[in-house]
Protein chains: 2
Amino acid sequence: LLMGAIEDWNDLEKEYTQLEEDHKNYCELLSRLSAAQQKCLSQIAHHRYRIKCILDLLNRASKAPHGEEERKQIADLKMKIADRKINFHEMEDNLPHKNGLYLRIILGQVNVSLLTKEAKFIYKKDYETFKLTVSYIILALAFLSGFLVSSRWCDAVLNFLLVWYYCTLTIRESILRVNGSRIKGWWLTHHFISTVCAAISLIWPDGYTYSMFRYQHILFVIYLSFVYVLQYYYQSGCLYRLRSLGESHEMDITVEGFMSWMWKGLSFLLPFLYFGYFFQLYNAYVLFQLSQHPLCEEWQVLALSAIHLTLFLGNVSTTSLVVVNKVRS
Amino acid sequence: LLMGAIEDWNDLEKEYTQLEEDHKNYCELLSRLSAAQQKCLSQIAHHRYRIKCILDLLNRASKAPHGEEERKQIADLKMKIADRKINFHEMEDNLPHKNGLYLRIILGQVNVSLLTKEAKFIYKKDYETFKLTVSYIILALAFLSGFLVSSRWCDAVLNFLLVWYYCTLTIRESILRVNGSRIKGWWLTHHFISTVCAAISLIWPDGYTYSMFRYQHILFVIYLSFVYVLQYYYQSGCLYRLRSLGESHEMDITVEGFMSWMWKGLSFLLPFLYFGYFFQLYNAYVLFQLSQHPLCEEWQVLALSAIHLTLFLGNVSTTSLVVVNKVRS
Ligand SMILES: CC(C)(COP(=O)(O)OP(=O)(O)OC[C@H]1O[C@@H](n2cnc3c(N)ncnc32)[C@H](O)[C@@H]1OP(=O)(O)O)[C@@H](O)C(=O)NCCC(=O)NCCS
Ligand SMILES: CC(C)(COP(=O)(O)OP(=O)(O)OC[C@H]1O[C@@H](n2cnc3c(N)ncnc32)[C@H](O)[C@@H]1OP(=O)(O)O)[C@@H](O)C(=O)NCCC(=O)NCCS
C-alpha cells in the first residue's frame with residue numbers, strides 16, 4: 001500500500017511541474033492582459049477627446065459661409081464620426097466597465113464586467129429566472145397571507161420579502177446596465193421606489209387604516225406577481241430569439257420572425273400591464289381617501305398614496321413611450 | 001477650419017488602425033487567458049482528486065502493522081501533501097473563484113474575483129472606509145434621534161439605515177471571503193442577525209414597551225458606532241502594516257514590529273469590545289424583563305431579547321477564541 005502511495009505521488013510530482021508551468025504562464029498572460037486592457041482604454045479615451053475637438057472645429061466651420069462642396073464634406077465627416085462612435089461602443093463591450101455610484105456604494109470597487117456575449121446572455125437569463133422564482137414565492141406567500149393566515153406577522157414577512165426582492169433587483173439591474181443592457185432608467189427607479197413602498201408598508205402600524213387597505217394591498221401584490229410571471233415569458237422569449245438572431249446569418253427572415261413574435265407577445269402583455277397601472281392609480285385614490293378619514297393618524301397613508309401615483313405616472317408614460325417608439329421604428 | 005478638421009481626422013484615422021490592432025490583440029489575449037484559466041482550474045481539481053486517493057492509501061497503510069522506516073515515510077509524505085495543498089491555495093489566489101450561495105442569490109453568476117494582491121488590498125481598504133463613513137453617519141443620526149428630534153419618524157430612518165448597512169456589509173464581506181479573506185464565519189452571521197435585529201426594531205409598534213426601551217436602544221447604537229470607529233483604526237492599521245510586511249524583505253524585524261503594534265492595538269480595543277458585549281447582555285436582560293410586563297403585547301420584545309443574547313454569546317466566544325489563539329501562536 002505504502003509503495004503504491006509513494007509511486008502515485010511521484011507520478012503526480014511530474015504532473016505538478018507541468019501545472020506550475022501552466023500557472024506561471026497564466027499569471028504572465030494575466031499581467032499582459034491588464035496591460036493591453038489599459039492600453040485600449042486609454043487609446044479610446046484619447047480618440048474620444050480628439051474627435052470632440054474635430055467636432056468643435058466642424059461646428060464652427062458649418063457656421064461660416066460655405067459652398068455646396070463644403071457642406072457635403074462636413075456632412076460626410078459627421079457621418080464617419082458617428083460610425084466611429086458606434087465602433088468604440090462595440091470595442092468597449094469586451095473591455096471592463098466602471099461601476100456606477102450605486103454599485104460602488106453597495107459592492108465597492110469590485111469589477112463586475114461580463115466580457116463575452118455568452119457571459120452576458122447567461123447573466124441575463126439568470127436574472128430572469130431569479131425574477132420568476134421570487135415572483136412565485138411572493139405569489140404563494142401573498143395567497144397564504146390573504147386567504148389563510150391573516151396575521152400581521154405573515155404580512156410582515158411578505159413585506160420584508162418585497163423589500164429584499166426589489167433591493168436585489170436594483171443591484172442586479174445595475175450590473176446589467178454596467179454591462180451594456182438598455183434597460184430604461186425608469187425601471188431601475190421603479191424598483192428603488194418599490195423598495196421604499198414595501199418598506200413603508202412594513203412599518204405601517206396596525207390600526208383602522210391598515211386593516212381597511214390590507215386586503216387591497218395583498219390583491220395588488222398577487223396581481224403584480226402574476227404580471228411578473230407573464231413578463232418573464234415575454235422577456236425570456238425575446239432574449240432567446242435575440243440570441244439566435246445574433247448567431248444565425250439569414251438575417252432578414254429572422255428579424256421579421258422576431259418582430260412578429262415580439263408584437264404578438266407585446267399585444268398579449270400590454271392589456272395586463274395597463275390594467276396593473278390603473279390598479280396603481282386606484283390604490284393611490286383609495287389611499288388618498290383614507291388619509292382624509294378622521295380616524296387616520298398615520299403619515300404612511302398619504303406617503304403611500306403619493307408613491308402609487310408616482311409609479312402609475314412613470315409606468316404609463318415609460319411603457320407608452322416604449323410602445324410608440326417600437327411602432328415608429 | 002474645414003481643412004484643419006479633415007486633416008485631423010485623417011491623422012486620427014491612422015492611429016485608429018493601431019487601436020483596432022491593439023483591440024484585436026486584446027481580444028485574442030482574453031480568449032487565451034480564459035483557456036489558460038480553465039486549464040489551471042481543471043488541473044488543480046485533478047491534482048486534488050489524486051491527492052485524496054493517495055491520502056486514502058496512506059491512511060489504510062498506517063493502520064496496517066509497520067516498522068520505524070515506514071512510519072517515517074508516511075509522515076514525510078503527509079508533510080509533502082500538506083505543503084502541496086498550501087501551494088494550491090496560493091495558485092488559486094490568482095484564479096477566479098466560485099461565488100457562494102448568498103452572493104449567487106444576490107448578484108447572480110457574475111464574477112467578483114480580485115486577481116491581484118493590489119486589487120485585494122484596495123478592496124479591503126475601501127471596505128474599511130465604507131464602514132467608517134457609515135458609522136459616522138449612524139452616529140450623527142442616532143444623536144439627532146436621541147437628543148434632538150424624538151419622533152418615531154427619525155427612529156425609522158435610523159433603523160432603515162442600520163438594516164441597509166448590515167445588509168451591505170454581508171454582501172461586501174462575502175465578496176472578501178470569496179477572495180480569500182479569513183474573516184470568521186461568525187462576523188458574517190453577526191451581520192445577518194444584526195440585519196434582522198434592526199428590521200424587527202423597525203416594525204416594533206409604538207407603545208409602552210417601545211418607549212421604555214427606546215432610549216437604551218439609541219444609546220446602544222451610539223456606543224456600537226463608536227466601537228466601529230475604534231475598530232476601523234485597528235483594522236486599517238493591521239491592513240497597512242500587513243501590506244508593507246508583504247512588500248518589504250527584512251522579514252524578522254517587521255513581523256515583530258507588527259506583532260507588538262497589534263498587541264498594543266488589541267489591548268486598547270478589547271475592553272471597549274467586552275463592554276459592548278456586556279451591554280448586549282444587559283439589553284437582553286432588560287428586554288426579557290419588559291416582555292414579562294403586563295402591558296407588553298408585542299412579540300418583538302421577546303424576539304429582540306433572544307437576538308441580543310445570541311449576539312452576546314457569539315461575540316464573546318468568538319472574540320475570546322481569537323484572542324486565545326493569538327496568544328498561543
Ligand atoms: C413594456 C415592455 C414589455 C417592453 O419590453 P422590451 O420590448 O424588452 O423593451 P425594450 O426594447 O425597451 O428593452 C430594452 C432593454 O430593457 C430590458 N427591460 C425592459 N423592460 C424591463 C423591465 N421592466 N425590467 C427589467 N428589464 C427590462 C429589456 O430586457 C432590454 O434589455 P437588453 O438591452 O439587455 O436586451 C417592458 O418594458 C415591460 O415589461 N414593462 C413593464 C414593467 C412593469 O410595468 N412592471 C410593473 C407592473 S405593474
Ligand atoms: C477581535 C478582533 C479585534 C480581532 O481582529 P483581527 O486581529 O483582525 O482578527 P483575525 O486575525 O482573526 O482576522 C482575520 C481576518 O478577519 C478580518 N476581521 C476580523 N474581525 C472582523 C470583523 N469584526 N469584521 C470584519 N472583518 C473582520 C480581519 O480583517 C482579517 O481579514 P484578512 O484575512 O483579509 O486579513 C476583531 O475580530 C474585532 O474587531 N471583533 C469585534 C467585532 C464586534 O464585536 N463588533 C460588534 C461590537 S459590539
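In what follows, chains carry the letters A, B, and so on, assigned in the order in which the sequence lines appear, proteins first and then strands, with residues in each chain numbered from 1. These numbers come from a predicted model, not from an experiment.
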Residue pair [X] / [Y], side-chain heavy-atom distance below 4.5 Å:
{"X": "A:Phe160", "Y": "B:Val196", "value": "no"}
{"X": "B:Ile171", "Y": "A:Ile171", "value": "yes"}
{"X": "A:Ile106", "Y": "B:Trp164", "value": "yes"}

Nearest heavy atoms of [X] and [Y], plus distance in Å:
{"X": "B:Arg104", "Y": "A:Arg172", "value": "O-NH2, 3.1 Å"}
{"X": "A:Tyr26", "Y": "B:Leu33", "value": "CE1-CD1, 3.8 Å"}
{"X": "A:His23", "Y": "B:Cys40", "value": "CA-SG, 3.8 Å"}
{"X": "B:Val110", "Y": "A:Val112", "value": "CG2-O, 3.4 Å"}
{"X": "A:Leu29", "Y": "B:Ala36", "value": "CD1-CB, 3.9 Å"}
{"X": "B:Ala5", "Y": "A:Leu58", "value": "CB-CD2, 4.0 Å"}

So which of [options] has the biggest tally of heavy-atom pairs under 4.5 Å with chain B?
{"options": "A:Asp22, A:Leu107, A:Ile51, A:Asp126", "answer": "A:Leu107"}
{"options": "A:Glu13, A:Glu15, A:Glu20", "answer": "A:Glu15"}
{"options": "A:Ala199, A:Ala156, A:Gly4, A:Pro205", "answer": "A:Ala199"}

Which of the residues B:Leu19, B:Ile81, B:Val134 is involved in the greatest number of heavy-atom pairs with chain A at under 4.5 angstrom?
-> B:Leu19
Between B:Arg50, B:Gln18, B:Gln73, which has the largest tally of heavy atom pairs under 4.5 Å with chain A?
-> B:Arg50
Check whether [X] gets within reach of chain B through its side chain, its backbone, both or neither, counting any heavy atom under 4.5 Å.
{"X": "A:Asp8", "answer": "both"}
{"X": "A:Phe88", "answer": "side chain"}
{"X": "A:Cys27", "answer": "side chain"}
{"X": "A:Leu95", "answer": "both"}
{"X": "A:Leu77", "answer": "side chain"}

For the pair B:Tyr16 (side chain) and A:Arg84 (backbone), establish whether a donor and an acceptor sit closer than 3.5 Å, ignoring hydrogens and angles.
-> no
Heavy-atom proximity to chain A below 4.5 Å, by part of [X]:
{"X": "B:Leu55", "value": "neither"}
{"X": "B:Trp153", "value": "side chain"}
{"X": "B:Ile105", "value": "both"}

Separation of B:His46 NE2 from A:Leu12 CG (nearest 0.5 Å) = 6.5 Å
Determine whether more than 12 heavy atoms belonging to other residues, nucleotides or ligands lie under 6.0 Å from atom NZ of B:Lys39.
-> no
